[in-house]
Amino acid sequence: MLSGKVAIVTGASRGIGRETALTLAGYGATVIVNYCGSKDKAEAVVEEITAAGGTAKAYQGDVSDFDVAKEMITSVKKEFGSIDILVNNAGALKPKKIEDMSEAEWDRSLAVNLKSVFLCTQAAIRPMKRHGGTIINACSFAALIPSVGQAAYAAAKIGVKSLTQVSAAELAPYGIRVLGYLPGVIATQLIQPLIQDPVRAETMRGDIAAHRFGSPAE
């Protein structure tokens with residue numbers, strides 16, 4: 001289904017990003033597994049894809065940095081000939097109440113969760129304009145139902161939601177689709193800070209119709 005297509009997945013060494021990379025590879029796409037610090041986990045994803053007969057390559061880089069995001073897109077285009085799919089999945093969550101949050105913590109959250117989406121999208125526009133493409137942005141239920149300690153994360157994710165809508169309108173004339181999805185509480189390393197307290201974890205499960213957390217594969 002995706003044979004001959006080239007996909008970049010940011011933050012693909014674990015969690016939803018990992019499952020996204022594996023799924024795209026399963027459909028035949030060549031997958032670029034972007035990661036920031038988890039080299040061993042990223043290479044494990046690549047090995048799993050290649051062992052199954054697919055094609056993948058790990059790419060290290062903090063995509064909240066303008067030069068890194070631009071260089072990644074440029075390098076992938078040069079090596080593989082095109083960029084057909086971009087999944088902006090990279091994210092970080094460090095719960096902290098507003099009164100306790102430092103400016104640096106606020107800035108870092110918005111950089112990883114929102115700025116990276118803008119930078120990678122911007123860099124991908126030019127190569128995608130030639131033949132169309134698909135950009136998929138990972139938002140979060142926190143954009144609609146924020147909770148205590150998620151000021152920066154929720155602000156970033158509502159920004160991703162709006163950025164997705166504007167990008168879709170601007171890029172549709174070039175045959176570039178821009179889509180977003182808002183996963184609920186998925187059992188990944190990202191949410192561990194939220195569920196360390198058993199009482200809070202049980203309360204969160206109670207607010208979910210299925211009374212359980214979702215899995216990355218779902």
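Using a cutoff of 4.0 Å between basic side-chain nitrogens and carboxylate oxygens, Asp84 and Arg130 are not scored as salt-bridged.
By the side chain to side chain contact (heavy atoms under 4.5 Å, CB included) test, Glu48 is found to be paired with Arg18, Leu22, residues two or more places apart in sequence or in another chain being considered.
Cluster partners of Ile98, using a side-chain heavy-atom cutoff of under 4.5 Å among ILVMFWY residues and allowing indirect links: none. Through chains of ILVMFWY side-chain contacts below 4.5 Å, Trp106 is grouped with Met101, Leu110.
Smallest separation of non-hydrogen atoms from Ser82 and His131: CB-NE2, 3.7 Å. The minimum heavy-atom distance linking Ala7 with Leu24 is given by the pair CB-CD1, 3.8 Å. Minimum heavy-atom separation, Asp62 to Ser64: OD1-OG, 2.7 Å. Closest approach of Val46 to Ala58, counting heavy atoms only: CG2-N, 3.5 Å. The two residues Glu105 and Asp100 have their closest heavy-atom pair at OE1-O, 4.0 Å.
A donor-acceptor contact shorter than 3.5 Å is absent between the side chain of Lys94 and the backbone of Gln150. Between the side chain of Asn113 and the backbone N or O of Ser109 there is at least one donor-acceptor pair closer than 3.5 Å.
There is a path of hydrophobic side-chain contacts, each under 4.5 Å, that joins Ile135 to Phe80. A single hydrophobic cluster is seen to contain both Ile85 and Ile49, as judged by linkage of ILVMFWY side chains at heavy-atom distances under 4.5 Å, directly or through other members. Each of Val160 and Tyr153 belongs to its own hydrophobic cluster when Ile, Leu, Val, Met, Phe, Trp and Tyr are linked at side-chain heavy-atom distances under 4.5 angstrom. Neither Leu114 nor Phe141 shares a network with the other; the hydrophobic side chains, linked directly or stepwise wherever heavy atoms of I, L, V, M, F, W or Y lie under 4.5 Å apart, form separate groups for each. Clustering ILVMFWY residues whenever any of their side-chain heavy atoms sit less than 4.5 angstrom apart, transitively, puts Ile136 in a cluster other than the one holding Ile8.
Separation of atoms CD (Glu47) and CD (Glu43) is listed at 7.0 Å; rounding is to 0.5 Å. Here Ser102 contributes atom OG and Asp107 contributes atom CG; the two are 8.0 Å apart, rounded to the nearest 0.5 Å.
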Counting only pairs under 3.5 Å, give me each side-chain donor-acceptor contact of residues 25-39, with atom names and distances, residues two or more places apart or in other chains.
{"unit_1": "Asn34", "atom_1": "OD1", "unit_2": "Gly11", "atom_2": "N", "d": "3.1"}
{"unit_1": "Asn34", "atom_1": "ND2", "unit_2": "Tyr59", "atom_2": "O", "d": "3.3"}
{"unit_1": "Asn34", "atom_1": "ND2", "unit_2": "Gly61", "atom_2": "O", "d": "3.2"}

Distance-only check: which donor-acceptor pairs under 3.5 Å involve side-chain atoms of residues 166-182, not counting sequence neighbours?
{"unit_1": "Ser167", "atom_1": "OG", "unit_2": "Leu163", "atom_2": "O", "d": "2.7"}
{"unit_1": "Arg177", "atom_1": "NH2", "unit_2": "Thr134", "atom_2": "OG1", "d": "3.3"}

In residues 117-124, what donor-acceptor pairs under 3.5 Å come from side-chain atoms, sequence neighbours left out?
{"unit_1": "Thr121", "atom_1": "OG1", "unit_2": "Asn88", "atom_2": "ND2", "d": "3.3"}
{"unit_1": "Thr121", "atom_1": "OG1", "unit_2": "Val117", "atom_2": "O", "d": "2.7"}

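The shortest distance between side-chain heavy atoms of Met128 and Leu86 falls below 4.5 Å. Taking the side chain as every heavy atom from C-beta outward, Thr50 and Thr55 never approach each other to under 4.5 Å. Side-chain contact between Met72 and Val63: present, with at least one pair of heavy atoms (C-beta onward) separated by less than 4.5 Å. Considering only heavy atoms from C-beta on, Val45 stays 4.5 Å or farther from Lys41 through its side chain.
Applying side-chain hydrogen bond (donor to acceptor under 3.5 Å, both in side chains) to Ser75 and the options Glu79, Glu71, Lys78 leaves one that passes, Glu71.
In this model, no donor atom of one side chain and acceptor atom of the other lie less than 3.5 Å apart for Thr10 and Asn89.
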